[in-house]
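Both backbone and side-chain heavy atoms feed into the values below; hydrogens, waters and symmetry mates do not. Residue numbers start at 1 and run along the sequence shown. Remember, it's a predicted structure, so these values are computed and weren't measured experimentally.
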Amino acid sequence: MENFFYNIPTKVSFGKGAIDDLSGYISEYGDSVLLVYGGGSIKRTGLYDRIIKLLDCSHISHIELSGVEPNSRLTTVKKGVQMCLEHDVKVILPVGGGSTIDCSKAIAAGACYDGDPWDLVGHPEKIENAMPIIAVATMAATGSEMDPFAVITNEETKQKKDIASDLLYPAYAILDPEYTFSVPAYQTAAGVADIMNHIFEVYFADNGDTYMQDRMMEALLKTLIKYGPVAVSEPDNYDARANILWASEWAINGFIACGKDGPWPAHSIEHQLSAYYDITHGHGLAIITPVLMDYILNEKSLPVLVNYGVNVWDIEKTKAPYDIAREAISKTQKLYEDMGLTSDLGELGVPYEKDFDEMAEKAAAEGLEHCRVPLTKEDVVEIYRRCFRNVK
């Protein structure tokens, strides 16, 4: 187990009516906010009106940045930074899913940085200050409301990279499972795949004996396997939504990664796809993950895949190890398919072979040689190829 330092400064308010204390949280930091949201679903559900009423009643002024993209873009970040500077904003208030919260984090750092926000990518030392963030989550997926990362897409260079700093932890995370009821079945399924992959990336890291962390991850995975399909078929099921939402936080807030470290190959591979073709991140991961598991199946990865099959999927442990591993991979893919996610990148509009070399080179450069089973550019190209089921 590796050495680690663990601290989550984010305060969490979880449950029905959690939004009612929003004004008090904001007032700890100031009386003016930048309200950030995406395509307008918060207006259709009534959450927007509720928030505006809370702000007005507490004499908290606000300006709005709407239309944040599903893969939040650098141009939108720059627009938000300019708005903060022009209107003397004190608090960033993202209301939405991971992209909205990620965009807000980049704005919070960029507004305190004298330069292009893209300069902060890969350079946490340049983030010396950041505006306070109070995040209202309306989707269970990235867990960005309880972590220090922000993933941003540079449209010009076709790069999807993260900005990271402990200063980017939201001060508060407001988590009301009822606000996730309106998330469509497709986005719910993609969110579950995203959460599961956050766990897989840590679970498959090669850091020696991390028995305690591994068993915690298996419990989280079983939770998602149990409640993911329920939330897809019964969107108003509070218990399903609550379990998924809380699992999403523990998948990414650093707890399961204590003592475990390593590259995130599926994310590195998928980020290129969503940067080039703007596909849904969680769906891309749902396609890539079973292919990646199968591709790396060998003597080095076999023990962890057997543990995954036996402890998560309850596969009979007396079966041959490789049979257990392959059955676990198959069950993973079927779970995603049963929730409505296709297993073919071609069906998402990704062209076969077109940008494979360029994307694979970028992915492999993110330390994939340090994976449990090392991956090269050529390996990544082959993984992309195997994600196309209908190409002969």
Side-chain angles (χ1 to χ4, degrees), residues 7-15 17-38 42-43 46-68 72 76-117 120 124 126-138 143-150 152 163-176 179 249 253:
N7 174 48
I8 303 179
T10 304
K11 298 170 185 169
V12 177
S13 180
F14 188 103
I19 196 69
D20 293 344
D21 294 321
L22 174 65
S23 299
Y25 302 152
I26 293 172
S27 297
E28 293 180 24
Y29 300 96
D31 59 0
S32 61
V33 303
L34 174 67
L35 175 60
V36 185
Y37 56 97
I42 66 169
K43 292 186 175 180
L47 178 55
Y48 172 87
D49 290 339
R50 178 64 181 146
I51 288 173
I52 297 303
K53 183 177 180 179
L54 288 169
L55 296 178
D56 289 346
C57 287
S58 298
H59 306 290
I60 297 171
S61 64
H62 79 280
I63 56 173
E64 299 181 17
L65 174 64
S66 61
V68 175
S72 49
T76 306
V77 171
K78 290 181 177 180
K79 182 178 178 182
V81 168
Q82 190 62 33
M83 292 173 71
C84 287
L85 297 177
E86 288 180 357
H87 296 275
D88 193 28
V89 169
K90 302 300 183 185
V91 180
I92 312 292
L93 177 62
V95 182
S99 292
T100 296
I101 299 170
D102 281 5
C103 182
S104 298
K105 290 179 179 179
I107 292 169
C112 299
Y113 175 71
D114 186 17
D116 190 326
L120 304 177
K126 291 186 177 182
I127 304 176
E128 298 180 350
N129 198 6
M131 297 180 63
I133 301 164
I134 296 174
V136 181
T138 62
S144 185
E145 57 275 7
M146 206 175 172
D147 76 25
F149 308 103
I152 303 298
I163 296 173
S165 169
D166 284 351
L167 295 171
L168 298 183
Y169 276 105
Y172 284 92
I174 297 175
L175 309 175
D176 184 339
Y179 292 142
E249 311 307 320
N253 67 17

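- Around the NZ atom of Lys126, the shell of radius 6.0 Å holds more than 12 heavy atoms that belong to other residues, nucleotides or ligands.
- Taking all atoms of both residues into account, the shortest heavy-atom contact from Thr76 to Val68 is CG2-CG2, 4.2 Å.
- Across every non-hydrogen atom of Ile163 and Pro117, the tightest pair is CD1-O, 4.0 Å.
- Using a 4.5 Å cut-off on side-chain heavy atoms (C-beta onward), Ile92 and Cys84 make contact.
- Nearest heavy-atom pair, Val89 versus Leu34, reported as atom, atom and distance to 0.1 Å: CG1-N, 3.5 Å.
- Screening residues 104-117 for salt bridge (charged side-chain N to carboxylate O under 4.0 Å, His left out), with sequence neighbours left out, gives Lys78-Asp116, Lys105-Asp147.
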Side chain to side chain contact (heavy atoms under 4.5 Å, CB included) assessment of Ile174 paired with Tyr25: CA-CA 10 Å; Ile174 297 175; Tyr25 302 152; 4.0 Å; yes
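- Here Asp102 pairs with nothing under the salt bridge (Lys or Arg N to Asp or Glu O under 4.0 Å) rule; sequence neighbours left out.
- Val91 approaches Gly30 most closely through the heavy-atom pair CG2-N, 4.3 Å.
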From CA spacing to verdict: side chain to side chain contact (heavy atoms under 4.5 Å, CB included), Glu249, Val12: CA-CA 10 Å; Glu249 311 307 320; Val12 177; over 6 Å; no
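- How far CD1 of Ile52 is from NE2 of His62: 3.5 Å, rounded to the nearest 0.5 Å.
- Residues meeting the salt bridge (Lys or Arg N to Asp or Glu O under 4.0 Å) test with Asp49, sequence neighbours left out: none.
- Atom-to-atom distance recorded for Ser32:OG and Leu93:CG is 11.5 Å, nearest 0.5 angstrom.
- For the atom pair CG of Asp21 and CG of Leu54, the computed distance is 9.5 Å after rounding to the nearest 0.5 Å.
- Side-chain contact between Tyr48 and Val95 is absent, with no heavy-atom pair separated by less than 4.5 Å.
- Here the closest heavy-atom approach between residue Ser165 and residue Ile127 is recorded as CB-CD1, 3.7 Å.
- Contact of the Ser72 side chain with the Val77 side chain is not registered, since no non-hydrogen atoms from C-beta on lie closer than 4.5 Å.
- Across all non-hydrogen atoms, the minimal contact from Ala109 to Leu168 is CB-CD2, 3.9 Å.
- The salt bridge (Lys or Arg N to Asp or Glu O under 4.0 Å) check on Asp56 picks up nothing, with sequence neighbours excluded.
- Applying the salt bridge (Lys or Arg N to Asp or Glu O under 4.0 Å) rule to Asp88 yields the partners Lys90; only residues at least two apart in sequence or on another chain are considered.
- Looking at Gln82 and Lys79, their side chains never come closer than 4.5 Å, going by heavy atoms from C-beta outward.
- Remark: Ser58 engages Ser23 in a side chain to side chain donor-acceptor pair (under 3.5 Å) (not counting sequence neighbours).
- Rounded to the nearest 0.5 Å, atoms CD (Glu145) and CG (Asn253) are 10.0 Å apart.
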Side chain to side chain contact (heavy atoms under 4.5 Å, CB included) between Asn7 and Tyr169, intermediate numbers included: CA-CA 10 Å; Asn7 174 48; Tyr169 276 105; 6.0 Å; no
Met131 vs Cys112, side chain to side chain contact (heavy atoms under 4.5 Å, CB included): CA-CA, chis, key distance, verdict: CA-CA 7 Å; Met131 297 180 63; Cys112 299; 4.0 Å; yes
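- Note: Ile101 CD1 to Phe149 CZ = 14.5 Å, rounded to the nearest 0.5 Å.
- Note: Tyr29 and Tyr172 have perpendicular aromatic rings, judged against thresholds of 30 and 60 degrees for the angle between ring planes.
- Note that the CD1 atom of Ile19 and the CG atom of Asp176 stand 8.0 Å from one another [nearest 0.5 Å].
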